[in-house]
> 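Sharing a structure with you now.
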Amino acid sequence: MPKDASGILSEIKKGYIINQLKNGKRGDGRSPEEFRKITIIPDYVKRAQGSAYVMLGDTKIIAGIKIEQGEPFPDTPNQGVLTTNVEMLPMAFPTFEPGPPNEDTIEIARVVDRGIREAKTVDLKKLVIEPGKKVWIVFIDIDVIDFDGNLIDACTLGALTALKTAVVKAEGMDEFKLPVDNLPISVTMVKIGNTLLCDPSVEEEQMAEARITVSTTEDGHIRAMQKGKVGSLSIDEIKNAISISLKVGSALRETYIR
Amino acid sequence: MPKDASGILSEIKKGYIINQLKNGKRGDGRSPEEFRKITIIPDYVKRAQGSAYVMLGDTKIIAGIKIEQGEPFPDTPNQGVLTTNVEMLPMAFPTFEPGPPNEDTIEIARVVDRGIREAKTVDLKKLVIEPGKKVWIVFIDIDVIDFDGNLIDACTLGALTALKTAVVKAEGMDEFKLPVDNLPISVTMVKIGNTLLCDPSVEEEQMAEARITVSTTEDGHIRAMQKGKVGSLSIDEIKNAISISLKVGSALRETYIR
Amino acid sequence: MPKDASGILSEIKKGYIINQLKNGKRGDGRSPEEFRKITIIPDYVKRAQGSAYVMLGDTKIIAGIKIEQGEPFPDTPNQGVLTTNVEMLPMAFPTFEPGPPNEDTIEIARVVDRGIREAKTVDLKKLVIEPGKKVWIVFIDIDVIDFDGNLIDACTLGALTALKTAVVKAEGMDEFKLPVDNLPISVTMVKIGNTLLCDPSVEEEQMAEARITVSTTEDGHIRAMQKGKVGSLSIDEIKNAISISLKVGSALRETYIR
Amino acid sequence: MGTESNIKLLDENGLRLDGRNEMELRPIKIETNVLERADGSAFIEWGGNKIIVSVYGPREAYPKHTQDIDKAVIKARYNMAAFSVDERKRPGPDRRSVEISKVISEALSSAVMVEQFPRTQVDVFIEVIQADAGTRIAGLTAASVALAAAGIPMRDMVVGCTAGKVDGKIVLDLSKEEDNFGQADLPMAVLSRSGEVVLVQMDGDLSVEEFNHATDMILDATKRIAQIQRDALVARYSVETQGGE
Amino acid sequence: MGTESNIKLLDENGLRLDGRNEMELRPIKIETNVLERADGSAFIEWGGNKIIVSVYGPREAYPKHTQDIDKAVIKARYNMAAFSVDERKRPGPDRRSVEISKVISEALSSAVMVEQFPRTQVDVFIEVIQADAGTRIAGLTAASVALAAAGIPMRDMVVGCTAGKVDGKIVLDLSKEEDNFGQADLPMAVLSRSGEVVLVQMDGDLSVEEFNHATDMILDATKRIAQIQRDALVARYSVETQGGE
Amino acid sequence: MGTESNIKLLDENGLRLDGRNEMELRPIKIETNVLERADGSAFIEWGGNKIIVSVYGPREAYPKHTQDIDKAVIKARYNMAAFSVDERKRPGPDRRSVEISKVISEALSSAVMVEQFPRTQVDVFIEVIQADAGTRIAGLTAASVALAAAGIPMRDMVVGCTAGKVDGKIVLDLSKEEDNFGQADLPMAVLSRSGEVVLVQMDGDLSVEEFNHATDMILDATKRIAQIQRDALVARYSVETQGGE
């Protein structure tokens with residue numbers, strides 16, 4: 001994970017944040033389970049088959065869907081293909097560099113992808129044109145243009161909104177809405193001191209010992225999890241993270257993904 | 001653009017060249033619109049389908065044509081494919097490095113390509129074997145082996161000569177001359193002080209504020225333009241560059257591309 | 001070739017080794033033509049179509065064969081394809097680095113490949129499924145996991161053993177043993193002082209002036225040769241290397257490749 | 001220029017497919033400081049183009065051998081989002097974007113007071129979110145605003161426009177169809193006050209007269225566009241003032 | 001999780017395709033110092049998995065800008081041999097192996113006393129020779145042993161196991177078929193003594209109760225596996241003693 | 001070696017497809033200092049081969065960690081032009097050219113007085129303009145001339161030739177067809193005066209007697225080729241003298 005602009009989060013700032021947390025308050029005044037302000041503009045890029053502009057606090061991402069014809073994977077001849085790519089653009093943060101995705105970017109893309117894939121959000125069986133030969137390939141591409149932490153949740157919200165608005169079309173074929181259902185909400189938390197904080201800012205991410213993401217669906221089931229960063233979590237903390245994710249995720253779903 | 005061998009053009013040399021220019025003379029005694037000596041050896045590489053060795057002063061390049069069967073682009077199913085690649089070989093200049101083409105090389109290749117493409121020099125419609133499936137792909141490859149400035153014009157002359165001599169052939173098919181017509185001549189100028197100098201040497205390129213290339217065809221039309229380098233040109237200078245290109249280009253065409 | 005862990009073979013050690021050699025003894029007590037202990041475990045990786053674990057002294061490699069369907073080369077439509085790849089894993093030596101194969105790795109893979117290819121060990125004509133369209137591609141992949149010199153011979157032994165045990169199979173087709181015959185044994189020697197030493201250790205490789213590999217088949221013919229390193233060899237030394245290779249190689253074949 | 005076709009790009013009244021006349025620009029909107037992290041940023045909508053530009057710097061040029069001891073190096077990086085065009089664009093630079101990045105870098109270098117910041121670089125990241133013909137000029141025009149918004153000292157603004165030939169007629173500010181099926185494309189950018197040309201590329205087929213006509217139209221249009229640039233910068237400052245700074 | 005299918009993974013007695021019951025681990029064997037050059041190494045066979053781990057370091061972190069002035073950086077590199085899986089794996093890292101390398105590096109960092117070796121790196125190379133489900137956990141478990149064998153100071157060992165859901169039932173240590181056709185996969189690794197979790201990933205479909213049941217099974221299993229780790233390390237030392245050192 | 005075929009490579013008189021007898025070389029022409037920028041250069045035509053070699057150095061070895069504190073590093077880079085072979089060669093190094101660059105670098109290192117220039121590198125760029133069998137040996141032979149022309153101190157010249165087996169007979173200097181359809185290929189290069197071998201590779205099928213016969217032919221041929229090298233260097237100096245220097 002990137003450091004802040006100067007490369008190091010000052011010890012003074014860190015002390016201040018931890019102190020605040022003892023009083024149950026985060027640096028920006030939020031409560032531990034509170035997300036920052038979320039703004040979602042669906043269908044932001046007309047040229048894409050589906051798209052969304054997501055602002056999660058000062059984190060901003062644009063998700064776009066392209067759907068093209070191609071070959072299925074040999075081991076799943078009767079399914080379309082879903083692929084998720086995240087670009088942490090160098091415009092988004094002083095230390096981000098141009099070039100192929102690094103391990104941070106790959107992890108984020110794969111966790112976002114996993115949530116959507118495991119919830120079977122996109123019905124890939126309906127994306128077959130000619131079994132074993134030609135299927136629809138759904139590309140989820142996400143541009144990170146401004147970075148202030150918690151990319152996994154911002155990108156998941158963007159991907160879901162973009163998928164929901166997506167339409168499959170090609171010359172000489174009837175167009176149809178991309179078959180999308182069972183949307184997973186990811187909730188990412190970091191552990192600072194003994195507290196789990198939802199929707200961490202970049203400063204919270206930098207000073208956190210451990211990070212955990214839990215993706216859940218409306219049925220209350222877990223679809224994907226990922227622990228990140230060097231520190232550890234107790235089993236109880238993980239169970240706590242799951243219950244927070246279910247509660248907070250359900251509210252997010254209600255508000256933003258209906 | 002590369003610096004000279006020592007990496008810096010000495011201020012003394014620069015002063016001398018500018019002083020000379022006030023008297024209408026260039027470092028090597030040429031007049032502003034004068035090209036250096038041009039020698040073109042067509043058909044230099046027998047194993048290529050067409051080729052040329054071009055010496056433009058001390059700049060030396062070898063252009064070769066390969067013509068192979070392949071797939072057309074999806075959006076132009078009824079056309080062959082033309083592609084231009086330039087290799088600024090590390091043998092050509094002390095600071096050139098091995099590796100994939102850098103931005104200088106890419107710009108040169110694309111400007112050469114643009115002149116030829118926009119003049120419709122190669123009749124791509126005659127290069128279809130099976131519409132939408134199989135067409136002829138014309139590869140123009142250019143090796144820069146000795147560098148003393150003005151690669152765009154040297155490479156254009158080489159590409160044109162090579163194309164003119166090129167023959168399309170394959171086992172079990174009648175061979176035919178590559179359909180080539182309407183040859184664009186590119187004339188590159190740099191601005192030093194208030195003067196436009198045709199066919200710049202490497203030293204002139206290094207000290208110039210701006211560079212401009214104008215490609216014209218026999219009908220007196222402009223087919224491609226490219227301004228280069230950090231400096232600016234006035235509209236009048238650009239118009240002047242166009243008229244020089246038409247005049248000088250017409251003489252070059254007469255002498256070298258008949 | 002890599003240096004030892006500290007990057008430099010100490011002069012003291014070098015003097016000692018040369019001194020020993022005057023008495024016909026190598027650092028580890030071997031005679032000049034003597035190989036280190038060889039252990040070969042065939043069929044080490046069940047998931048591969050053929051495999052072998054080879055220990056040559058402290059050098060350890062694992063060779064595995066994968067056989068897949070693919071297209072033949074255009075100029076050999078009636079042959080299968082054979083390809084050899086060596087990975088000098090960073091786990092094998094302190095100075096080995098991750099990343100695409102460097103020139104040392106490429107040379108080793110190509111010399112191993114050349115011996116096998118030139119001896120026509122694998123009958124590629126029997127690996128055609130549909131002429132010009134579909135053939136079997138035999139991938140020989142070799143992981144170097146511990147490095148103490150003489151990779152060419154270790155990898156050749158591994159590749160041969162793996163090929164001998166390999167089986168070609170695919171869904172809906174009869175499986176058959178990979179057609180393998182006429183196995184080449186490679187013997188690598190280095191020149192230190194005036195002596196040719198077989199099966200060099202990493203220290204011997206580092207201090208040697210020249211290296212030579214000779215691959216021979218049971219008929220006493222030479223199938224591949226490669227001189228390596230900066231130093232030179234006299235014609236007589238090369239002839240001597242050939243006769244050593246025939247003698248030692250014949251013993252190796254008898255013991256390990258029957 | 002693109003493919004030949006039978007598509008008529010001008011109607012009987014000389015109007016274009018989107019109803020514009022030959023001199024008319026598509027709608028242009030510029031907004032500044034749309035991003036938090038960047039030292040300066042701008043967003044431009046120009047017809048169907050949506051482009052975000054962010055500026056970082058001046059900061060130490062890296063790697064060291066790229067430093068210029070006399071001046072700052074302007075490094076523009078033009079990039080298209082995968083979903084910005086009809087057929088998905090594979091991430092990463094291609095030859096086209098490398099060339100565009102180069103000519104934009106050169107054009108901006110004329111405008112910035114690079115001599116004030118030796119050994120540094122100024123990074124200008126141009127992300128095309130939605131492409132609709134003329135992206136390099138729209139990106140460059142927004143980049144100039146983003147540089148100003150970042151407080152980088154500039155001797156002049158860079159402002160550009162495209163002209164082209166469509167059904168044999170010179171028109172301003174090509175649309176996507178005109179770019180695809182027209183006969184010439186002439187993107188040009190100038191320094192706002194001096195009118196000096198800092199970017200010009202051309203491809204297609206233009207007579208000298210057509211070229212002159214096209215440049216006249218472009219120069220006229222850049223004055224209008226420069227006003228939009230100025231308004232965007234002013235709006236930003238006024239907003240800031242309202243915010244109490 | 002993999003493809004849906006009609007394959008039945010549990011028989012009428014609730015036994016699995018390889019005859020194991022739900023709580024049963026596949027056979028595990030760990031051996032230390034199997035390589036000469038590495039500072040420490042380990043070989044693990046876990047079911048059909050064969051994995052070699054080698055450790056180098058602490059050594060100066062390179063390139064310099066990767067150095068941490070406060071502690072050692074643990075750099076794990078998980079790699080699959082081309083012949084380790086059914087379809088040949090092209091050499092070089094792919095996105096999956098990059099992610100696995102990252103989570104393994106993070107998991108090991110909790111266990112090593114990294115603060116003792118500022119500015120250095122410890123390289124952990126994990127080569128999967130034969131893959132049979134659960135390679136990341138098997139590799140991580142062996143890596144911990146290899147670090148200890150290399151004499152790297154550790155505050156605790158890392159030990160892991162996988163659980164999953166198969167035909168609707170929670171089972172321990174998924175086999176390849178169970179991984180391919182099951183409904184959930186939960187790899188987890190803990191610090192041996194404290195039981196703190198240092199790696200957890202999940203994909204599939206688990207209710208909260210199922211998750212709790214699965215973690216109980218994993219925690220129980222890690223105790224058994226930790227014993228195998230200890231035995232491997234002891235065996236090594238005893239062998240060394242016999243050798244007369 | 002190449003493909004088996006029914007092509008007869010020798011006629012009833014034992015003459016080859018191009019009319020040569022077994023001992024005959026193809027025409028060889030070497031010219032020096034054909035390039036302006038390089039510190040030394042050479043052009044060789046050898047049969048249908050056209051190869052240009054340029055030399056730069058000694059210059060500081062870069063990056064620094066490639067420096068040898070005891071001697072200069074000779075870095076040859078063998079490259080084929082895209083149009084030099086029948087099927088277009090994709091630009092950039094492939095495995096074959098990497099190997100050839102390595103053996104040529106090693107061969108030249110024996111000849112150059114590398115100990116005189118510690119920490120430097122000498123770059124030798126070999127560009128194959130037209131390929132017609134035996135390019136590595138022709139390139140190496142020309143490289144030696146280019147090094148001498150660059151004024152690099154050398155203890156000896158490197159000169160090479162190829163022999164091979166064709167229709168069962170040992171012949172000198174294989175042509176393209178002989179290379180493609182013959183039974184063995186033996187490129188070899190020696191130091192001119194000492195006769196010490198600095199490059200040898202072989203592939204195909206040779207008995208020991210055939211190998212000995214082939215090397216005799218090569219050694220004899222290298223004497224003739226070395227004379228062409230010397231003539232080229234002399235011609236250059238005499239021309240320079242005439243030029244009044």
> Taking only Lys NZ, Arg NE, NH1 and NH2, and the carboxylate oxygens of Asp or Glu, determine whether E/Glu106 and A/Arg211 approach each other closer than 4.0 Å.
no
> Rounded to the nearest 0.5 Å, what separation is found between the CZ atom of A/Arg117 and the CG atom of E/Asp203?
10.0 Å
> Less than 4.5 Å to any heavy atom of chain A: does that hold for the side chain of E/Thr215, its backbone, both, or neither?
side chain
> With chain A, which of E/Leu206, E/Val98, E/Val198, E/Val103 has the greatest number of heavy-atom pairs at distances under 4.5 Å?
E/Leu206
> Write down the atom of A/Gly220, the atom of E/Val208, and the distance for their closest heavy-atom approach.
O-CG2, 4.2 Å
> Counting only heavy atoms not in A/Asp219, do more than 12 sit closer than 6.0 Å to its CG atom?
yes
> Does any part of the side chain of A/Arg114, heavy atoms only, come nearer than 4.5 Å to the side chain of E/Met202, both counted from C-beta?
no
> Heavy atoms only: give me the nearest A/Asn85-E/Arg95 pair and the separation to one decimal.
OD1-NH1, 3.6 Å
> Which region of E/Ile74, side chain (C-beta onward) or backbone (N, CA, C, O), has a non-hydrogen atom less than 4.5 Å from a non-hydrogen atom of chain A, or is it both or neither?
neither
> For atom CZ of E/Arg90, decide whether the heavy atoms of other residues, nucleotides or ligands shown that lie under 6.0 angstrom number more than 12.
no
> Among E/Asn212, E/Val190, E/Val197, find the residue that satisfies the side-chain contact (heavy atoms from CB on, under 4.5 Å) test when tested with A/Ile235.
E/Val197
> Is any side-chain heavy atom of A/Asp75 less than 4.5 Å from a side-chain heavy atom of E/Glu87?
no
> For A/Glu68, does the CD atom sit with more than 12 other heavy atoms under 6.0 Å from it, leaving out its own atoms?
yes
> When rounded to the nearest 0.5 angstrom, what is the spacing between CD in E/Glu209 and NE2 in A/His221?
7.5 Å
> Given a strict heavy-atom distance threshold of 4.5 Å, which part of A/Ile222 is in contact with chain E: side chain, backbone, both, or neither?
both
> Side chains of E/Val200 and A/Leu233, heavy atoms from C-beta outward: is any pair under 4.5 Å?
no
> For the CD atom of A/Glu107 and the OG atom of E/Ser101, what is their distance to the nearest 0.5 Å?
11.5 Å
> For the CD1 atom of A/Ile212 and the CD atom of E/Gln201, what is their distance to the nearest 0.5 Å?
11.0 Å
> State, to 0.1 Å, how close A/Ser232 and E/Ser110 come at their nearest heavy-atom pair, and which atoms those are.
N-OG, 4.1 Å
> Check E/Lys102 with A/Glu103, please: is the shortest side-chain N to carboxylate O separation under 4.0 Å?
no
> Do the charged groups of A/Arg223 and E/Asp205 touch, with an N to O distance under 4.0 Å?
yes
> Just checking E/Lys169: does its NZ atom have more than 12 heavy atoms from other residues, nucleotides or ligands closer to it than 6.0 angstrom?
yes
